[in-house]
Amino acid sequence: MGAAPDPKLAAMISGAGGNPLLIVELVQGLREEGSVEISHERARLLDERIPRRVRDLAQHWLDSLSEKARQLVQVAAAVGGSFMVVEVASMLRETTASMLPALNETIASGLLICPGEQTVFQHELVRRSIADALPAAVRQALRQDVSALRRQHCLQVPMPPEFLVTGGRPAGTPVPGSTDAPAPLPAPSPLPASSKEPGIVHRLLPALLMARSTRTEPLPLGLADELRASLTAVLQAHYADVELTGTADAPLAERADRITRNTVSLFADGVQRATTRARAILAAHQGRDDEADAVTATVVMSNLEWAVGNLAEGLRWGQRAVQCLGPATPPMWSPYVRLALATKLSDIGRFEEAEGLISTARTEAEALGQPHTATPSIARAMLLLQSSRLQEAQDSARAGLEVAAKTGGGWVVPVGQAVLILVALRRGDLASAADYAWRCRAAVGADSTVFPSIHFDWGECLVATAQLGARRTAELLTTTYAHLLTSPQLFVEEAAAAAWFVRLALAADDMPLASTVVTAAERFAAANPGRPTLAVAALHARGLLERDSEALRQAAREHVSPCAGALAEEDLGILLSAQEEKNGALGAAALRSALQRFVQIGSQGDIERIRAFMEEHGTPVTSAPRQGRPATAGWEALTETERSIAHLVSDGLTNRQVARRVSLSPHTVNYHLRAIFRKLGIGSRVEVARHITHSA
């Protein structure tokens, strides 16, 4: 709009929760309804009513839910910005347990998140829209009901976690009308020893073993108790089935309890505490390294060393963990221990070794049951992305996400979404990338088993760059994404990250920023001698900064990642083209070579960027294959995502069903469907089916 928002408009926009679609619909709706005035480069809000565009969008999202989920959302919207599920369940004459499927559905849709004890709306604008759609008398009645409920139980929002185990009375509060002392909180009841597959174990333990970092806060009390009870049951069942030679003569229950307490202690809040606890566990074992807590501590040591950039130590601990697997290790540990090492080998370009470990882990996971098969698929998707096999990476990520959606593996969902962000960006599909970024962040906030990952912020940063441009993104890199500039995790996992930052900084004319990144990349490479992937990444960044054609040529030749190598050759071509009199022909050749490499990868976004540069500078592209230029109409004009959606629509699936298959939101599916109609010159879903039938 070419104007800065006044405080009221800025506050209203903040209610979109950062969702690009909501922001665009809000601003466009305000303009259409004359609710915003622009004067002297300032936009002033004239009417605080939510525009119809936003109300219609909120209603569309609400209509996509089941009846019980819609009731939950409508009651919660009337109650306010945050609520306890037990409140809404009581008002709907349901139990908390019976409402859990509806709650999970609303969280999966992105409408609600559970960042702590409270459940909240992801977007305040959506909450207001849904609440305003209810008759005023209904809203008032619902608010009176929840107020009476809270008074009845002497509660204030936010409710304490004890609510779920004391019938609504905080610990220490007598029962109204009674002089009896309150009963103590009950201890968590362990699951029966015969239960070998409690859900919390397959959610939380794999998250710890596969983490690239550690938690920044302790586990919530209830979650820690549930994990302890579940782990104890798993360990007792396993140790009852195997003979453990060389262990202390302790009763099985005591041994299982000790190992459980040690394992749960590794979910520490901070690197130092987690490291101290892991070392203490390993020191106490004295040779019995295949017990579950020792194996877990070894993997945690590997992850923590890797996170701070000590790659040799990270690999050593990871390899030791795999070697430690033995009779005392429960079967559920094995696939995740192998996958933790596989992801590290993939990071440094040892793709064949990583693929072998993932294959073994997949076989072990399949023997354990479907809930465990999501993680091998996501781990393989990361490997395929790093080796620039984009279509395979997308397929593997979607397969893993489909299993996770069915089995509750919420911790792995953001990792799979992060892979899809990067694939979409490589293909130039910004709409899908932005949608995946939004869903990724929603998944991070909705599941307390998610560990922090640099992948989430990296994907968001790339989306921001594509939307905002170099100068605005360079400003974000000094604030929101400042931690990315010197991140060992990012530099090892993304071969071209350092060069990407330098390219961005130079485009924004920010030499200090570019120098900071180059220095960080070179220090990281120097601290890890013998890791050629890091050395060539630092060389690429330095070559950009100093306009060194030989350094860029070497980087293009030696990058293990095909995408990173193609980017280095593109940088070389741009540099040589700037020296037109001397090296113009060499620059054109380098650009054509980079274009050819991106065509082989299928990286449509990069193809279009190079073509645009070459056309702008009058560089002929006749020697490059023409299949990289997309058609403007017809089936050939459709992206891979659009073709997948077209086939599913032709099979009679609804937008909501298609969204589940391709891991997109129903709105984004509708966006792609409109693009399909436009490119094929048709106007209905029936015509899509006819087009595919005739083409076949």
Side-chain angles (χ1 to χ4, degrees), residues 4 10 13-14 17-20 23 212-213 216 307-309 347 385-386 414 417-419 421-422 424-426 428 430 433-434 436-438 440-441 444 452-525 527 534 536-547 552 555 559 561 563-564 567-568 570-571 574-575 605-606 609:
I13 290 172
S14 72
N19 183 324
I23 293 172
R212 295 305 185 92
S213 184
T216 56
V308 297
D347 286 346
L385 176 65
Q386 289 172 319
Q417 296 286 4
V419 171
I421 293 171
L422 299 176
L425 286 170
R426 290 253 77 96
L430 182 58
Y436 290 136
W438 167 46
C440 176
R441 188 55 61 185
V444 170
S453 171
I454 209 72
H455 282 103
F456 311 153
D457 292 340
W458 173 240
E460 284 185 349
C461 184
L462 292 177
V463 171
T465 302
Q467 293 176 321
L468 300 177
R471 191 172 298 277
R472 290 282 304 281
T473 307
E475 294 173 3
L476 284 178
L477 286 176
T478 63
T479 53
T480 307
Y481 301 118
H483 61 291
L484 296 180
L485 296 174
T486 56
S487 169
Q489 275 185 276
L490 181 60
F491 287 171
V492 70
E493 293 175 27
E494 296 289 341
W500 184 88
F501 285 134
V502 172
R503 188 183 302 111
L504 180 75
L506 294 177
D509 199 24
D510 192 337
M511 290 298 291
L513 177 60
S515 298
T516 296
V517 174
V518 171
T519 300
E522 289 178 339
R523 285 178 179 170
F524 185 37
L534 302 180
V536 72
L539 181 70
H540 187 176
R542 173 64 69 179
L544 272 171
L545 179 64
E546 297 188 350
R547 302 175 63 80
L552 294 175
H559 263 304
S561 163
C563 271
L567 286 167
E570 177 189 357
D571 291 329
I574 292 172
L575 174 62
D606 298 301
R609 183 183 62 252

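When a residue number appears, it is its place in the shown sequence, counting from 1. All values derive from a computational prediction rather than experimental measurement.
Taking both residues in full, the closest heavy atoms of Ala525 and Ala538 are given as CB-CB, 4.3 Å, listed atom of the first, atom of the second, then distance. Across all their heavy atoms, Ala437 and Ile421 have their closest contact at CA-CD1, 3.5 Å. Among all heavy-atom pairs drawn from Cys440 and Phe456, the shortest one is SG-CD2, 3.6 Å. Here the shortest heavy-atom pairing between Ala514 and Val502 reads O-CG2, 4.0 Å. Of all non-hydrogen atoms in Leu552 and Gly543, the two that sit nearest each other are CD2-C, 3.9 Å.
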Quick one, Glu460 with Tyr481, criterion side-chain contact (heavy atoms from CB on, under 4.5 Å). Give me CA distance, side-chain angles, the key distance, then yes/no. CA-CA 9 Å; Glu460 284 185 349; Tyr481 301 118; 3.4 Å; yes
Tell me, with the steps shown, if Leu513 and Leu504 meet side-chain contact (heavy atoms from CB on, under 4.5 Å). CA-CA 9 Å; Leu513 177 60; Leu504 180 75; 5.6 Å; no
Pair Gln386, Glu493 - check side-chain contact (heavy atoms from CB on, under 4.5 Å), show working. CA-CA 8 Å; Gln386 289 172 319; Glu493 293 175 27; 4.3 Å; yes
Just do the side-chain contact (heavy atoms from CB on, under 4.5 Å) check on Cys563 and Leu385 with the steps written out, would you? CA-CA 9 Å; Cys563 271; Leu385 176 65; over 6 Å; no
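Interatomic distance, Leu544 CG to Arg503 CZ, rounded to the nearest 0.5 Å: 6.0 Å. Between the CG atom in Leu567 and the NE2 atom in His559 there is a gap of 8.0 Å [rounded to 0.5 Å]. In this structure, the separation between OG1 on Thr480 and CD on Glu475 is 10.5 Å, given to the nearest 0.5 Å.
Sequence neighbours left out, the pairs with a member in residues 508-524 that pass side-chain hydrogen bond (donor to acceptor under 3.5 Å, both in side chains) are Glu522-Arg542.
For the residue pair His455 / Ser453, a side-chain donor-acceptor distance below 3.5 Å is found, with atom types taken as modelled.
Between Thr465 and Leu476 there is no side-chain heavy-atom pair separated by less than 4.5 Å. Between Leu545 and Met511 there is a side-chain heavy-atom pair separated by less than 4.5 Å. Two residues are said to be in side-chain contact when any heavy atoms from C-beta on lie closer than 4.5 Å; Ile454 and Glu494 fail this criterion. Between Tyr436 and Leu425, every side-chain heavy-atom pair lies at or beyond the 4.5 Å cut-off. Using a 4.5 Å heavy-atom cutoff, the side chains of Phe501 and Leu484 are in contact.
Note on ring orientation: taking the six-membered ring where Trp is involved, the planes of Phe524 and Phe491 are tilted (angle from 30° to 60°).
When the side-chain hydrogen bond (donor to acceptor under 3.5 Å, both in side chains) test is applied to Glu570, the partners found at least two apart in sequence or on another chain are Arg609.
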